[in-house]
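Everything on this sheet refers to the single structure shown next.
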Amino acid sequence: MIYRHFNAPSRGFTQFSHDIIRHPRLSSDAVRLLTWQLSLPQGARESLSRTAERARIGACAFGRAKRQLKEEGFVHERRVQVDGGRWVTQQLVSGSPLTPDQAAKLLAREPVASSQVAPSPRKPAAGPPTTPSTDRHPKKDPEEDTSHPPTEAEESPRGEEARALVDALPLLSPALRHIPSGMRGELARLAARWLDAGHTSGDVHEHVLRGLPGAGTSVHRPGGLVRYLLRDVPPRSLPSVPGIRLSPRLEGARECAGDHTQTTLFRPVGDETHCAACV
């Protein structure tokens, strides 16, 4: 059996509806946050986050409590643009649930404080003013100081093919659709190295596809993945045949150009085209 002893306060109190305290879907933190806000003096502009800080409600608990209050219609927010092009967030806390239309009408009546801020005093630069010299060439090599030196793809005779190869990457797989445009030049430079080594565009595309993760795995940085896959240029091996892939054991092998009854593979040390038996 439980007994209750309660004396109604004569001052410093706020009337709340029992529906708030006994709400079936509001947590204790949500009820505390709402009742604290409703107990503030008329005209107070304390934010919900500041109230949560004063009420010792942690960040995660505050997030859950605020979300519950918004879902039940006790809290409404909207962003408005004020003078100077800045955006501010208006928060409306109500003692009874409101619909979005009702909340919008109430927020429209509230004035929005101007965001104009007086400029801070400028600190003068140290030392007397100087005029930059414009009558001499820099002492260093201009190529070293230029912001956009010519890329290897532009210097390579197959630069155009390398850029077309990179532009076609988004068509190979959905995982490559969002390669940043700012990385196209760097990737074209890497692709040009493959082309100069004797690889074809199909070889590069096939190598990139082999390096993609399995189906269902998202690629968050496709440009970085392609850069990693094209970083090292392997030696040119056998011509690629559609539908046929060499096993890892045969990667780097080359077909001997000598006279053999059957195809003979050997692993070259340098640029030799004949196996040891033919030499």
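Not measured: the values here are computed from a predicted model.
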dist Leu34:CG -> Asp29:CG (nearest 0.5 Å) comes out at 12.5 Å
Where do Arg221 and His178 land on the side-chain contact (heavy atoms from CB on, under 4.5 Å) test, with the steps shown first? CA-CA 8 Å; Arg221 294 179 177 86; His178 302 292; over 6 Å; no
Taking atom OG of Ser94 and atom CG of Leu38, what is their separation to the nearest 0.5 Å? 7.5 Å
Which atom pair, heavy atoms only, marks the closest approach of Leu169 to His205? CD2-CD2, 3.7 Å
Where do Glu161 and Ser201 land on the side chain to side chain donor-acceptor pair (under 3.5 Å) test, with the steps shown first? CA-CA 8 Å; Glu161 185 179 355; Ser201 298; 3.1 Å; yes
Before giving the answer on side chain to side chain donor-acceptor pair (under 3.5 Å), spell out for Thr51 and Glu46 the whole-Å C-alpha distance, their side-chain angles and the decisive distance to 0.1 Å. CA-CA 7 Å; Thr51 298; Glu46 182 175 295; 2.5 Å; yes
Electrostatic pair Glu72-Arg67, nearest N-O below 4.0 angstrom: no
Working to the nearest 0.5 Å, report the span between CZ of Arg227 and CD1 of Ile179. 11.5 Å
Parallel, tilted or perpendicular: which describes the rings of His207 and Trp194, with under 30° parallel and over 60° perpendicular? tilted
Shortest non-hydrogen contact from Ala52 toward Phe62: CB-CD1, 3.4 Å
Between Leu40 and Ile20, is there a shared hydrophobic cluster once you connect ILVMFWY residues whose side-chain heavy atoms come closer than 4.5 Å? no
So, for Asp203 and His199, which heavy atoms are closest and what is the spacing to 0.1 Å? OD2-CA, 3.6 Å
Any chance you could measure His23, atom NE2, to Leu69, atom CG, to the nearest 0.5 Å? 9.0 Å
Value for CG (Leu212) from CG (Leu176), rounded to nearest 0.5 Å, stands at 5.0 Å
Take Leu195 and Leu165 through the test side-chain contact (heavy atoms from CB on, under 4.5 Å) and record every step on the way to the result. CA-CA 10 Å; Leu195 299 177; Leu165 183 157; 4.2 Å; yes
CZ/Arg79: more than 12 non-hydrogen atoms of other groups inside 6.0 Å: yes
Under the side-chain contact (heavy atoms from CB on, under 4.5 Å) criterion, do Asp167 and Arg184 qualify, and how do the steps go? CA-CA 8 Å; Asp167 291 339; Arg184 298 290 178 91; 3.1 Å; yes
Quick one about Gln68 and Ser27 (side-chain donor to acceptor, distance below 3.5 Å, no hydrogens or angles considered), yes or no? yes
Do Glu77 and Gln90 pass the side-chain contact (heavy atoms from CB on, under 4.5 Å) test, and can you show the C-alpha distance, the side-chain angles, and the key distance before you say yes or no? CA-CA 6 Å; Glu77 288 183 329; Gln90 285 184 309; over 6 Å; no
Note: Arg78 and Ala104 closest approach over all heavy atoms is NH1-O, 4.5 Å
Would Leu48 and Trp36 show up in the same hydrophobic cluster when neighbours are defined by side-chain heavy atoms closer than 4.5 Å? no
Smallest heavy-atom separation, Ala192 atom then Ala162 atom, equals N-CB, 3.7 Å
Let me confirm one number: the OG1-CD1 distance from Thr35 to Ile21, rounded to the nearest 0.5 Å. 7.5 Å
Non-hydrogen atoms of Val233 and Ala197 that approach each other most closely: CG1-CB, 3.7 Å
With a 4.5 Å heavy-atom cut-off, do Leu26 and Phe74 have their side chains touching? yes
Quick check: do Arg32 and Ser28 have side-chain heavy atoms less than 4.5 Å from each other? no
